[in-house]
Amino acid sequence: MEFASLLSLPDGLEVAQFSIVDDVLRLHVVAMAEGRACPLCAEVATHVRSYYTRLVADLPCAGHRVQFMLHVRKFRCDTASCPRKVFAERLGPFVEAWARKTTRLREAIEAIGLATCGEGGFRLADRLGIATSPTTMLRCIMALPLPFVETVTHLGIDDFAFRRGRTYGTVLVDLTCHTVIDLLPDRKAETAKAWIQAHPEIELVSRDRGGDYAAAASQGAPQAVQTADRFHLCKNLTEAAEKALAHCRTEMRKNQKSKENVQKGISAEEHSPVLLTPDGKPYSAHQTERYDRYQQAVELREQGAKVKEIAKRVGLSVRTVQRWLKDGTYVETNYHHRHRSSFDAYEAYVRQRWGEGVHNIQQIWREIKAQGYPHSDRALRRHLEAVRGKTPAELSEAGVLDHFSANKAVWLFVRPFEKLKKQEQEELLAMRQASATIEAIYQLVQEFFRLVRSRQGTQLDSWLGKVEASGIQELQRFANGLERDKAAVLAGLTLIHSNGQVEGQVTRVKLIKRMMFGRAGFALLRQRVLHAL
């Protein structure tokens, strides 16, 4: 009895004897109950007809693999009306019928498989003393029944990438329970519509601003309120503001040059012509910004500046500037990789010390060396070539206007001014003063984010009117999209529900997918996500 309790055997099973053979602990287990109920008529049978044995694997114990040699009896049913004459006694739920492993061992394999999947789970199970295989582990996962979806009143829907830019799936989240309730193999409107129609109890659908999910929600649950996700509203506005800021670089430099020309008594230049690609299309925002950097580099070279100084001024790599100056022409491109340097973390401190009048490079090098700067004083000297001999005012202006990048500047626009660092506040003020368009973009972006944070949907019409009057095309296109989906946008700016938790679940789905190295199919991914602990 004590041995059976130690192994957590159910009542009615006793250990008759045990032996250890080749690191395997084999236990002979017998059933002590006098009778068993017939699986068909449920009448207790006591007439034993015969015996047989079952070899069943169990969880390891003290570094030994455990096997149960079950001595099972067959009973004869004496009920005349029962079609079953002979039946084997059932030991469930400890061991299911025809199973070759105990229920607790199967559940352990399922848990390991859900956490690590096939190959990784097999290696972990082997270290734990569980004899299995990758195929067995995957088969146990796929045999799990899908969780039953109960009543869902608030539904969140979004897509996730199987292969970014190629194939996508859909994740469905219960916003009340904060759990994933299902995955769909694509993001087509028909697939999502069929799922939504099967749940007429849905009262609210939170979605992104894509047309497919909007159509699926409208057709599948016309009774539900649709809310446009605030995360996607802010994300779309940030993208529109970045494109608008990219066009402002030329305006900033033109205004700066105009001030310099006025000081020098030179008349203003003519307005720059519209830039067109060889196929006749206008430059994108990124191309316009990059072309302006090219023009600035050429101008600095004509003024006698060195290549390293030019690269520092325009915020590009030395190789890029060398290629531009060597070729003598601008090569169109749609990509830009920011050059990263270990000096970036110390640049603000070095500029501060230089502005305070400390122009001894060895002294500055010793100070940042104590802070962890990994390079020599010669490397620091190269970084300071572009700033030596200039006043602090010139350094500040060059750092903001010459290094202006829409990709970096937009993050100063979307955050509250009081939460920015002092240096970031100064950079933002310099940009706003350099261009009237930038000032207009900043005011509109800040006002919209205040609407989102305080959920003041009633002020949306006023904001849309200001955007229309601003004449900024990128923001106007964003506003036109809001007009087309105005009901959902107003609901998103008014109601508390949003897709924030859905985005978190999408990240979780991606993590599980990457754990399978991208080689598993949708069915296995669905099982792992829905059964994940």
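This structure is a prediction, so every number in the text was calculated from the model and none was measured. Excluded from the calculations below are hydrogen atoms, water molecules and symmetry mates; all remaining heavy atoms, backbone and side chain alike, are included.
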In terms of heavy-atom contacts, Cys77 and Cys41 come closest through SG-SG, 3.6 Å
Would the number of heavy atoms belonging to other residues, nucleotides or ligands and lying under 6.0 Å from CZ of Arg319 be above 12? no
Residue Tyr349 excluded, over 12 heavy atoms near OH under 6.0 Å: yes
**Prompt:** Between His71 and Thr53, does a side chain to side chain contact (heavy atoms under 4.5 Å, CB included) hold up when you go through it step by step?
**Reply:** CA-CA 5 Å; His71 297 267; Thr53 58; 3.6 Å; yes
Is it true that, when you exclude Arg76 itself, more than 12 heavy atoms of the residues, nucleotides or ligands shown sit nearer than 6.0 Å to its CZ? no
The side-chain hydrogen bond (donor to acceptor under 3.5 Å, both in side chains) partners of Asp186 (sequence neighbours excluded) come to Thr191
Counting distance only, does the side-chain N/O of Arg230 pair as donor-acceptor with the main-chain N or O of Gly492 below 3.5 Å? yes
Output for pair (Thr170 OG1, Asp182 CG), nearest 0.5 Å, gives 10.0 Å
Is there a side-chain contact between Arg484 and Asn480, using heavy atoms and a 4.5 Å cut-off?
yes
Paired with Asp58, the salt bridge (charged side-chain N to carboxylate O under 4.0 Å, His left out) test is passed by just one of Arg26, Arg104, Lys101, namely Arg104
Quiz item: Think Lys510 forms a cation-pi with Phe160, using NZ or CZ under 6.0 Å from the six-ring centre and within 45 degrees of its axis?
Solution: no
Donor-acceptor pair, Tyr346 side chain versus Lys369 backbone, under 3.5 Å?
no
Q: State, with a plain yes or no, whether a side-chain heavy atom of Arg73 is found less than 4.5 Å away from one of Arg36.
A: yes
Determine whether the aromatic ring centres of Phe478 and Phe448 lie less than 6.0 Å apart.
-> yes
- Task: Keeping the roles fixed (side chain from Thr116, backbone from Gly121), state whether a donor-acceptor pair exists under 3.5 Å.
- Result: yes
Thr79 and Lys85 have their tightest heavy-atom pair at O-NZ, 4.1 Å
Rounding to 0.5 Å, atoms NE2 (His28) and CD (Gln67) come to a distance of 10.0 Å
Report yes if some heavy atom in the side chain of Leu138 is under 4.5 Å from a heavy atom in the side chain of Cys117; otherwise report no. yes
Flag if over 12 foreign heavy atoms under 6.0 Å of CG, Leu55: yes
Give a yes or no on whether the backbone of Pro145 and the side-chain of His531 come within a donor-acceptor separation of less than 3.5 Å.
yes
Q. Does Leu524 reach the side chain of Met142, with side-chain heavy atoms less than 4.5 Å apart?
A. yes
Take Leu245 and Phe413, measure what side chain to side chain contact (heavy atoms under 4.5 Å, CB included) needs, and give me the verdict at the end. CA-CA 10 Å; Leu245 288 173; Phe413 281 57; 3.8 Å; yes
Leu59 and Ala108 have their tightest heavy-atom pair at CD2-CB, 3.7 Å
Q. Does a side-chain N-to-carboxylate-O contact under 4.0 Å join Asp126 and Arg65?
A. yes
Closest heavy-atom pair, Ala88 versus Tyr52, reported as atoms and distance to 0.1 Å, is CB-OH, 3.6 Å
Hey, is CZ on Arg90 packed in by over 12 heavy atoms from elsewhere, all under 6.0 Å?
yes
Glu239/Lys243 ion pair, N-O < 4.0 Å: no
Within 6.0 angstrom of Glu34 CD, more than 12 heavy atoms from elsewhere | no
Arg528 side-chain N/O to Leu114 backbone N/O, donor-acceptor pair under 3.5 Å
yes
Rounded to the nearest 0.5 Å, the CG atom of Leu204 sits from the OG1 atom of Thr153 at a distance of 8.5 Å
Item to complete: Without swapping roles, check the side chain of Glu203 against the backbone of Val225 for a donor-acceptor pair under 3.5 Å.
Response: no
Interatomic distance, CG@Asp159 vs CG@Asp212, rounded to 0.5 Å, equals 9.5 Å
Original post:
Around atom CD of Glu150, are there more than 12 heavy atoms of other residues, nucleotides or ligands at under 6.0 Å?
Top reply: no
**Prompt:** Got a donor-acceptor contact below 3.5 angstrom from the Gln425 side chain to the Phe417 backbone?
**Reply:** yes
Test item: Val502 and Ser206 side chains (from C-beta on) under 4.5 Å apart, heavy atoms:
no
query = Is the side chain of Gln446 donor-acceptor paired with the backbone N or O of Arg415 at a distance under 3.5 Å, no angle test?
reply = yes
**Item:** Beyond-backbone contact of Gln527 with Leu146, side-chain heavy atoms, under 4.5 angstrom
**Value:** yes
(Q) The test is side chain to side chain contact (heavy atoms under 4.5 Å, CB included); show your working for Leu237 and Leu233 and say whether it passes. (A) CA-CA 6 Å; Leu237 177 59; Leu233 291 176; over 6 Å; no
In short, Ala42 meets Ala37 closest at the heavy-atom pair O-CB, 4.0 Å
### Query
Hey, does the side chain of Thr103 reach the backbone of Pro93 with a donor-acceptor pair shorter than 3.5 angstrom?
yes
Quiz item: Taking Glu201 for the side chain and Val152 for the main chain, is one N or O donor matched with an acceptor at less than 3.5 Å?
Solution: yes
Side chains of Leu155 and His199, heavy atoms from C-beta outward: is any pair under 4.5 Å? no
With a 4.5 Å cut-off on side-chain heavy atoms, are Arg127 and Arg123 touching?
no
So, is the end of the Arg207 side chain (NZ or CZ) under 6.0 Å from the ring centre of Tyr213 and within 45° of the ring's axis?
-> no
- Query: Relative to the ring of Phe87, is the ring of Phe75 parallel (under 30°), tilted (30 to 60°) or perpendicular (over 60°)?
  - Reply: parallel
For Val86 and Lys74, the nearest pair of non-hydrogen atoms, with its separation, is CG1-CB, 4.2 Å
Interatomic distance, OG@Ser19 vs CE@Met69, rounded to 0.5 Å, equals 8.5 Å
| request: Report, as yes or no, whether the 6.0 Å neighbourhood of atom CG on Asp11 holds more than 12 heavy atoms from other residues, nucleotides or ligands. | output: no
Quick one: do Val29 and Val56 satisfy side chain to side chain contact (heavy atoms under 4.5 Å, CB included)? Show the steps, please. CA-CA 11 Å; Val29 179; Val56 178; over 6 Å; no
dist Thr135:OG1 -> Glu119:CD (nearest 0.5 Å) comes out at 8.0 Å
